[in-house]
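Report on the following structure.
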Amino acid sequence: MYHDVVIAGFGGQGVLFIGNLLAEAGMDEGFHVTFMPAYGVEMRGGTANCNVIVSSEEVGSPITDSPLTGIIMNEASLMRFLPSIQKDGFLFYNSSLIPEEAVSRNDIQVVPVPANDLALKVGSAQVASLIILGCFIEWTQALRKESFPHALEEMISPKAREKFLPLNLAALEEGIRYAQELKQKGS
Amino acid sequence: MYHDVVIAGFGGQGVLFIGNLLAEAGMDEGFHVTFMPAYGVEMRGGTANCNVIVSSEEVGSPITDSPLTGIIMNEASLMRFLPSIQKDGFLFYNSSLIPEEAVSRNDIQVVPVPANDLALKVGSAQVASLIILGCFIEWTQALRKESFPHALEEMISPKAREKFLPLNLAALEEGIRYAQELKQKGS
Amino acid sequence: MKRKLVKGNEAVAMGAMDAGCKYYFGYPITPQNEIPEYLSQELPKIGGVFLQAESEIAAINMVLGAGASGVRAMTSSSSPGISLKQEGISYMAGSEVPGVIVNISRSSPGLGGISASQGDYWQAVKGGGHGDYHVIVLAPDSVQELYALTARAFDYADIYRNPVMVLGDAVLGQMKEPLLRELPPPMELPPKDWALTGRKGGRPQNVIKSLYLDDGELEKHIWKLVEKYERVKKETVLYETKEIEDADLILVAFGTAARICKTSQKMARDLGLRVGLIRPISLYPFPEEVLRSTSETTKKYLVVELNAGQMLEDVRLAVGPGAEVSFHGRPCGAGSLPKPNEILEKIKSVYGSFPKPTDMERGNSHETRV
Amino acid sequence: MKRKLVKGNEAVAMGAMDAGCKYYFGYPITPQNEIPEYLSQELPKIGGVFLQAESEIAAINMVLGAGASGVRAMTSSSSPGISLKQEGISYMAGSEVPGVIVNISRSSPGLGGISASQGDYWQAVKGGGHGDYHVIVLAPDSVQELYALTARAFDYADIYRNPVMVLGDAVLGQMKEPLLRELPPPMELPPKDWALTGRKGGRPQNVIKSLYLDDGELEKHIWKLVEKYERVKKETVLYETKEIEDADLILVAFGTAARICKTSQKMARDLGLRVGLIRPISLYPFPEEVLRSTSETTKKYLVVELNAGQMLEDVRLAVGPGAEVSFHGRPCGAGSLPKPNEILEKIKSVYGSFPKPTDMERGNSHETRV
Amino acid sequence: MKLVFDHPKSLKDTPSHFCPGCHHGLIQRLVAEAIDHYELQDTCIGVASVGCSVFMYNYFDVDVVEAPHGRAPAVATGVKRVHPDKIVFSIQGDGDLAAIGTAEIIHTANRGENITIIFVNNTTYGMTGGQMAPTTLLGQVTTTSPYGRDFQQDGYPIRMAEMLATLEGSAYVARVAVDKPANLMKAKKSIREAFRMQKEGMGFSFVEVLSSCPTDWKMSPGDACKRVEEEMIPYFPLGVYKEREIADHL
Amino acid sequence: MKLVFDHPKSLKDTPSHFCPGCHHGLIQRLVAEAIDHYELQDTCIGVASVGCSVFMYNYFDVDVVEAPHGRAPAVATGVKRVHPDKIVFSIQGDGDLAAIGTAEIIHTANRGENITIIFVNNTTYGMTGGQMAPTTLLGQVTTTSPYGRDFQQDGYPIRMAEMLATLEGSAYVARVAVDKPANLMKAKKSIREAFRMQKEGMGFSFVEVLSSCPTDWKMSPGDACKRVEEEMIPYFPLGVYKEREIADHL
Amino acid sequence: MAKVSIDRERCKGCHFCIEVCPKKIMVVEKRYNQKGYPPVEITDMEMCTGCALCAEMCPDVCIRVWR
Amino acid sequence: MAKVSIDRERCKGCHFCIEVCPKKIMVVEKRYNQKGYPPVEITDMEMCTGCALCAEMCPDVCIRVWR
Ligand SMILES: Cc1ncc(C[n+]2csc(CCOP(=O)(O)OP(=O)(O)O)c2C)c(N)n1
Ligand SMILES: Cc1ncc(C[n+]2csc(CCOP(=O)(O)OP(=O)(O)O)c2C)c(N)n1
Ligand code: SF4
Ligand code: SF4
Ligand code: SF4
Ligand code: SF4
Ligand code: SF4
Ligand code: SF4
Ligand SMILES: [Mg+2]
Ligand SMILES: [Mg+2]
């Protein structure tokens, strides 16, 4: 198993959070994982992105130039990362903010996720990233869904846990549900 | 021709001056010359010394560990440098300040020069070093006496020349004379 | 114990703390800021000292003072800041003060950039500061190693009374990987009876200095240091190898470059190419012996570095006269990390045809500098 | 013109002035103080600027500012002070600002001592500062060369837009020798249209910097620098040879060590030993070619340095695989200058019996470290 | 209708990299306005310091050289000694000027070097992500003073304008803020004055600008302005600390 | 008969390397007397700076570590943070403290680091042969100011005591001289006071001692003393510039 | 009569201009700009006095004023 | 009665002691010491008050005083 993912969006869209979560869950499943955030001056200008790799063998470079999957939260990031996704790879994009026309590739599986809308449904636009992550998990089956609740718990500080854990879990579930729905439509 | 000399004494005894002069004269005669002063913290504590090499071929190390000649102006310097003089080399020492007993080698030519006394005779204790240099020139014939007046002129600033040149020249002459006298006695 | 997902820089800080380092002196610089940030949180809790100095120079000299006082002390910085520490490092080596310096290096020269680079290899391994001395240099290639080697660095520093550098890079410092917070096995440490403590009930004074002015004194001191470095060379060589026994070609790389090469090496084996890998972990002392010994059977080496060719020279010096050494360099900067595939291509090209024995110099046709 | 008896440090100052350098920035340190002292006297007379900076760091950065402004500017110091300049030198190289740095080096590490040493070879030639860059390093061995090479250093700096170092030592700086104040032949210099002058009637801005953050930008910049260094290697190699044609053994030494070796070489010839000498004058670029070419006929090399073995590695890299390289080092400090005789003895011992082909490493029985 | 407020000529059209509401942008514009006011665009040379000010050359359409962190005053000295007739200036942050560059700023001021330094005091290391600076206020939480700056451990916030004003070599020393229009107008005047001083060869001129760093303070731009007013100005009083009347320096 | 004046116990018997009549010797003795007075020989740690003070370990019979040029305050900080219960001191020259070490001394003082610095101001770089220092007086001829220090070129002699006294972290700041018995007695008191301050945890204590360098001034020892009185004291006024009464710092 | 132009793509939504406008005629736009910031617009240009306070306080030099 | 001892080999001949002695009983010795400096001696120990000013001012700590 080797799955490398680029996750990108505005600062504040939870991009680093879900990247971390993905790595955390991968680790819990016993995989080799790396999480590599963009940092420093790269952060100025309000964008954020990171690379996550989950692999059954030791990971080489933690920076992935042609990831298998892109999880993209806004249009600027789509411009930047769409071309790099591997042929036959996956794109999960936030269709609440990104118009369909912007996605110009047909050699990859493209999964539009109205993440902001679904997030609002769950209770807060804040958790859009978890929606899209849930969708990724279900669609690719890269990791087991069961790993995420625990990973989430690890990542949220004990103080905030009570308040945020249920919301985050709900978002993840919603994402998973949405993916299942999509799949069914597709099949 | 290869002649290396160590010159040593108290600060203020003119040690660096005659070292320079020797090198200057050697240069004027077309030899390769080097002049290497002790410097820096080595100077603290009131001693001064330098190495001069005059050679018909390119000079290697300008620091000479076993010089052919030692020109020594005080007892402390004698202690330090006497052992290093080459077998069959020369020692010219200031017998006005250094007792004969202090000179403990008989494998070199030892030339006692009452430099301070002779200098006073010429007019000033200041020029003791030139007395002993004159003696060295005459005794070893390493360089031509004729080279020194001009070299001296080069070294004394035009302003001071009128005042000091005659005195210095007289001291040099007196040293030469004294060496001739010694030689005659010896022969 | 449980593995935790930890940032490389934090692993450095954890390794230091677990090794008993309670004194940190540093100055902000990307991409190593998580080290001071973590320690400024944690050290006060255990009665340690976190002090943000006015500059990198002040920081290394505080380490000198603290190390001379007998405790485990450290500083960390990145390339330009490490340049500023060179005088202090030379003083530490010259006066035999232990201490750990972490360089999470970035792209250079000058202000350069903040992405990963291995352009500081020479500075770390040869001569950053003035004079005949060496810094022991350890080059981790994972978060786990950042932790373990930082801890180990303190042991070496104490055993050899010498500064030890952990040389990471921006990728290693910034990435997260699982960390098992378990120390390497303990080493036996000499007593620090030379340390400053005040004369304590009148013992003779302890003096820590590097100035030697008497005839022959300094030379003697330096030969003593050289002897120590010979000991270091015998006792602290660290490296990792992969499938070198039957290798026709051996990749040589350290740190982040080695991680990438590990993937390429596997890809090559999958293609049936007999390719091995040697990863120097201690850069000084350089694992010459393993390279020399392999060169009895292996004739081809490919050095991969995130610079324009630095460790390359040490590889050339180490391998036997018959061996052919090629180079693949990507000298740093944003967007310049080589891909495993790119290195595989290079492996293929080198594996097949080879330069003639005399055609060994840098800059020949077998060097790609993309 | 007449020869004058001049101190090495003064010759440096004269060489700089005769080369048209009117801007000096420095900080006191033994054994190079006669350079600033001379220039503080002379520069004001010709409308130049002598400025004693608050530190070596300030001084190198003033040189950066002045060099960026299009004039010939310099600084000088000695070992510890040169360490402090490393960040600035890396910036100058990275932003391609010409300038001359003189290191009248002394004994190290740390405070060390003030006598001659060649312990800064690695710092000068490999990696003093951070990153992939090189400083052109010129190593005079006489007062005449201190003068001529300092002057030449300004040409190289301007031609390659790179810092150039003149690496002397305490012996060279302090001794007096006859100097013929005659410049080396002029070189063709490129226009300095990149320099800061204010935009002058609205030309596009000139920017001098080393920060490159866009993807691939910095790497491109570094390859450009590397290309420049390749040019430097072709165009600026300097060395002196003595009787190498028929030599069974070649001495390799630079600076003061070379002067001493010259005497030893002659002594050896007088004894009927076929001994030659190669004196690298440019240390970077290192005269690899001449060493390589001699190693087709000569099989034995003896490297002599006033350190514990630094240039030694470059010699080993340069000579062909068959050659045997021995080492004689006296790593500095008061009273530690080797004597011609001592080197002659070493020559004899090496000349007679020789190490086996594989026994090449440092520290073998053929290395004397008195 | 007349254009009464326009983009300064010496500032390029490039959008800045500064975070939303960062005062760096305001300060940069005021400097450009001063340059335009005295028509210095073609005779002035900027020195880029290392901090959020580093990209100066992307914005100012003048010759620029980049200095290592903290060394801008030394680099500026080198430039000015070569070009005594040019106007040389730098914009330095508080990490740059008051920490690593302490020796350089003090000695440059003390030499009376005829240059202009604009000092952006935002009580933190902005570019590197918000560490404690020498000017960080007591109790202020930063990434390296997680328990708040404590004078026993970290010392006191340093007042650079006051210190530099005591040096004989300084000609003009002022502290200003840009948190609201009234202060901004005074800042504009002071920055202009600093350039005038240099033009007239009066010696070292220095304007400290209390500045915000909403990103690293983790505040909205508006709240950050309030912090300047309520917390910074009381500790760092605004005003002109020194103003040389005649060029006694000459 | 009682021995009323003896060699201080914490000073070894080794003859010094100082030049005849150099005030370094006097200052060193006064420091040793203060150490003896408070019986600190076994609890104090010296930091040797680089200058004519460098051989400290040859004279003081206490633990000593050597710092690079200018960095003694940083090294002392490292020592003190490890040994808060020990007495840490350094003797620094004016090149060391007021030029290359400017940033270190200012920030060490500003942090209120609880150490003692004795500052030997002899208006020149003694050890390196008499170059211009930051404290060199206007008009003073040195080997690097052969035409006399000129404020336009070199700036003004810097007054460190005054500057450090302005910092909140400093507890005790004084300037004294040892050119004649009356001044020497005051110097003795100040140096003792500085150590007392440290003992009591008051924070950074600093005594600037106007000192002579007969060798590099090219003067007789006696004339050098006169120069201290006639030229230095007028520019560098003696006195206690700051004296913390209670350890508000604690 | 006065006129104010705002470069909405350059605006970073700090809203200093809104704060200082004495006429309180500046408001946050509903739509985000390309960079994801909420830019400002003027509700009632008639009321503008052309005082230029908004422009003076804009850190990103987005505003031009005519009077 | 007071006594003063001077370590003549340690003395560097700065003559500060001569300068400050209120009794003016210190003079330069005729002979140089081993290091070549002109040390001091006391002409009339009877007159010494043991004030120790000489010792206080001696940079080379050559003088001991009993009283
Ligand atoms: C020698 C060196 N040390 C550290 C750094 C890292 N660094 C970059 S910017 C900066 C300081 C930023 O703070 P400040 O000067 O206050 O400017 P601001 O960004 O707050 O305006 C630092 C420490 C560096 N580039 N070089
Ligand atoms: C980094 C560095 N720069 C320069 C020197 C040379 N140096 C030795 S002592 C000294 C200064 C001497 O002057 P000062 O500090 O005033 O002490 P003094 O001898 O006058 O008491 C200098 C510059 C050095 N050792 N290290
Ligand atoms: S980090 Fe702070 S100082 Fe830097 S641009 Fe952002 S707000 Fe401004
Ligand atoms: S050089 Fe000056 S300061 Fe140094 S010991 Fe001699 S007189 Fe004293
Ligand atoms: S001040 Fe400028 S950047 Fe801020 S909201 Fe108004 S127009 Fe936009
Ligand atoms: S010019 Fe004045 S009134 Fe008009 S919008 Fe701007 S601030 Fe408001
Ligand atoms: S003061 Fe001391 S050193 Fe000076 S002359 Fe008197 S005894 Fe000698
Ligand atoms: S003790 Fe007083 S009176 Fe006696 S010699 Fe000394 S100074 Fe003179
Ligand atoms: Mg700041
Ligand atoms: Mg001094």
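Here is the naming used below: chain letters follow the sequence lines, and residue numbers restart at 1 for every chain. Just so it is clear, the structure is predicted and the values come from calculations on it, not from any experiment. These numbers come from the heavy atoms of this one structure, side chains and all, not from hydrogens, waters or symmetry mates.
- Proximity to chain D (any heavy atom under 4.5 Å) is restricted, for C:I57, to the side chain, taken from C-beta onward.
- With a threshold of 4.5 angstrom between heavy atoms, D:I222 approaches chain C through side-chain atoms but not through N, CA, C or O.
- Side-chain atoms of D:Q86 and C:S83 include no donor-acceptor pair closer than 3.5 Å.
- Remark: side-chain polar atoms of C:S90 are paired, donor with acceptor, to backbone N or O of D:G110 under 3.5 angstrom.
- Using modelled atom types, one side-chain atom of D:D120 and one backbone atom of C:G131 make a donor-acceptor pair closer than 3.5 Å.
- Interface check for chain D: of the options C:G88, C:G129, C:G335, C:G113, the most heavy-atom pairs under 4.5 Å are formed by C:G129.
- Per-residue counts of heavy-atom pairs under 4.5 Å with chain D were compared for C:S105, C:G322, C:S108; the largest is that of C:S108.
- Among all heavy-atom pairs drawn from D:P331 and C:W223, the shortest one is CD-CZ2, 3.1 Å.
- Note: D:S210 leads D:G81, D:S210, D:G94 in heavy-atom pairs under 4.5 Å with chain C.
- Looking at heavy atoms from C-beta onward, D:E219 lies in side-chain contact with C:R330 at the 4.5 angstrom threshold.
- In this structure, C:Q123 and D:H130 approach most closely via the heavy-atom pair NE2-N, 3.5 Å.
- Side-chain atoms of C:D132 come within 3.5 Å of backbone atoms of D:A308 as a donor-acceptor pair (strictly under, hydrogens ignored).
- A 6.0 Å sphere centred on NZ of D:K228 holds more than 12 heavy atoms belonging to other residues, nucleotides or ligands.
- Heavy atoms only, all atoms of each residue included: C:L213 and D:I114 are closest at CD2-N, 4.2 Å.
- Within the 4.5 angstrom heavy-atom criterion, no atom of C:N103 approaches chain D.
- Chain C forms the most heavy-atom pairs under 4.5 Å with one residue out of D:S95, D:S107, D:S117, D:G320, and that residue is D:S107.
- Using a 4.5 Å cut-off between heavy atoms, D:Q118 does not touch chain C at all.
- Here C:D215 is the residue among C:D215, C:V125, C:L225, C:I89 with the most heavy-atom pairs under 4.5 Å with chain D.
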- prompt: Please walk me through it: do D:Y121 and C:K126 pass side-chain contact (heavy atoms from CB on, under 4.5 Å)?
  reply: CA-CA 10 Å; D:Y121 177 90; C:K126 306 285 168 190; over 6 Å; no

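- Chosen from D:A318, D:G112, D:G128, the residue pairing most often with chain C at heavy-atom distances under 4.5 Å is D:G112.
- The residue among D:S78, D:A124, D:S336 with the most heavy atom pairs within less than 4.5 Å of chain C is D:S336.
- For the set D:L111, D:L84, D:D214, the entry with the most heavy-atom pairs within less than 4.5 Å of chain C is D:L111.
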task: Please report the C-alpha distance between C:E313 and D:D314 in whole Å, then the side-chain angles of each, then the deciding distance to 0.1 Å, and finally whether the side-chain contact (heavy atoms from CB on, under 4.5 Å) criterion is met.
output: CA-CA 9 Å; C:E313 289 192 358; D:D314 284 327; 4.0 Å; yes

